[in-house]
Amino acid sequence: MSNWPELEHKYFMNTVKRLPVTLVRGQGARVWDEDGREYLDFVAGWGVNSLGHCHPVVVQAVTEQVNNLIQTSNQFYTIPQLRLAELLVQHSCLDKVFFGNSGAEANEGAIKLARRYGKHNLNGAYEVITMLDSFHGRTLAMVAASGQPKFQEPYSPLSAGFVNVEYNNIEAIKIATTSQTCAVMLEPVQGEGGVNLPDENYLTAVRAWCNQKGILLILDEIQTGVGRTGTLFAYEQYGIEPDIMTLAKGLASGVPIGAIMAKDRAAVFAPGEHGSTFGGNPLACAAGYATLRFIVDNKIAGNVAKVGQYFTAGLEKLGEKFSFISEVRGRGLLIAVEFNRDIAESVVMDCLNGGLLVNRLKPNALRFMPALIIGKDEVDEALGILDRVLSAVTDEKG
Ligand SMILES: Cc1ncc(COP(=O)(O)O)c(C=O)c1O
């Protein structure tokens, strides 16, 4: 067997601190390493494997497509792309779609679209108000959009045209709005920045402000979309509709894809103004269509809401048992557990050794984003491992 960490050290740029496991296989909510050890996967490729690993409908769709047509130029019509676009429009409040390959690419396109809208309708306004603690991707412009110094400082000077303001503070958005503002962009629930939930009425106030000023509301649903929070899109739970929405992550259950969606009035790109070589390729769109069709037909978002509540209740019970758990928060199957001290790294390692993959969200917090199809049995198993790990880490209440 090769020494994979040594190869990684030799050949890879040093951008990620990996866990000491080499995964070779996945099925449903489980993955296996090269030694055959099994893990329950509550990271799911960063909330990507919506239907779990290698779901039969995705495998079948990809296999059939790979045997027929993998990639064409976008000069031609391809059927999987059109079917996925139609399904997305039918099940959302948006009218038009553009496909790319990743979340950051989708957000870049959304900003370009908002700037085009600003040129057409707002006297050339180009600035976008985004939130502190947001995360919109790793490209240069998205680093400026993401209001987190740790992502921004290494790459200054930042791309112009973004103002970062406090999340859950409508006054901050109002103060930052000028005649140059063309849009407000936010995640309905902040994922990477801490699984931060919107205060009651915050999103409706943002929507009302955008309406009042005639500027666009862009929702980044890359992490929250496609069922993750218990409805197909998170905006459905907050009584608002975006003008532009971005998707990626779970849309094709693991095959790279991204999408910009827009209301008709905001879909102002003209031919040649935006594009992507691989964007919307038949392979990714076949996987996306199979995934979304399955999610819609089997009411998977409803399962997410139910299992998410069950999981949250179980985590809250652990919170009663372990005094160092300070908060459990989330929506659907996007959940964080916060500790009152910086133990997340060791908890992640102990969970790994116990057969459970979880994400260290912050030094003092974990994030859970398992496959949307998990059942109560798998949740019980994960809670059992966590209970054992937390019992060993530190003192119990009472
Ligand atoms: C809300 C949100 N937007 C954008 C991105 C960037 O997506 P990608 O890594 O596919 O570029 C992420 C990734 O974590 C995300 O959570």
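Indexing begins at 1, ligand by ligand and atom by atom, following the structure's order. In this chain, residues are counted from 1 in sequence order. The figures here come from the full heavy-atom set of this structure, side chains too, leaving out hydrogens, waters and symmetry mates.
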Heavy-atom pair with the smallest gap, counting every atom of Tyr235 and Ile240: CD1-O, 3.1 Å
Protein contact for atom 9 (O) of ligand 1 (heavy atom, distance under 4.0 Å): no
Steps toward salt bridge (charged side-chain N to carboxylate O under 4.0 Å, His left out) verdict (Arg265, Asp243): CA-CA 8 Å; Arg265 70 181 186 92; Asp243 303 298; 2.8 Å; yes
Qualifying residue, where the test is side-chain contact (heavy atoms from CB on, under 4.5 Å) with Leu372 and the options are Asn303, Val304, Thr291: Val304
4.0 Å heavy-atom contact, Phe135 with ligand 1: yes
Donor + acceptor pair across side chains of Asp220, Asn107 (<3.5 Å): yes
For Tyr202, all residues meeting ring-ring contact (aromatic ring centres under 6.0 Å, His included), sequence neighbours excluded: Tyr167
For atom 16 (O) of ligand 1, closest protein heavy-atom neighbour: Gln223 NE2, 2.7 Å
Non-hydrogen atoms of Val195 and Arg329 that approach each other most closely: O-NE, 3.0 Å
Enumerated ligand 1 atoms positioned under 4.0 Å from heavy atoms of Glu187: 1 (C)
Option set Ile222, Val189, Thr246, criterion heavy-atom distance to atom 5 (C) of ligand 1, minimum: Ile222
Structural part of Thr224 in contact with ligand 1, heavy atom criterion under 4.0 angstrom: neither
Any N/O pair Glu192/ligand 1 closer than 3.5 Å: no
Nearest neighbour in protein (non-hydrogen) for atom 11 (O) of ligand 1: Ala104 N, 2.8 Å
Aromatic Tyr155 / basic Arg138 pairing, under 6.0 angstrom, 45° off normal: no
Atom 3 (N) of ligand 1 [closest protein heavy-atom partner, distance rounded to 0.1 Å]: Asp220 OD2, 2.7 Å
Residue and atom name of the nearest protein heavy atom (relative to atom 7 (O) of ligand 1), distance in Å to one decimal: Gly103 CA, 3.3 Å
Main-chain N/O of Gly191 paired to Glu187 side chain as donor or acceptor, under 3.5 Å: yes
Contacting atoms of ligand 1, where contact means under 4.0 angstrom from a heavy atom of Asn107: 3 (N), 4 (C)
Ligand 1 contact by Lys249, heavy-atom criterion under 4.0 angstrom: yes
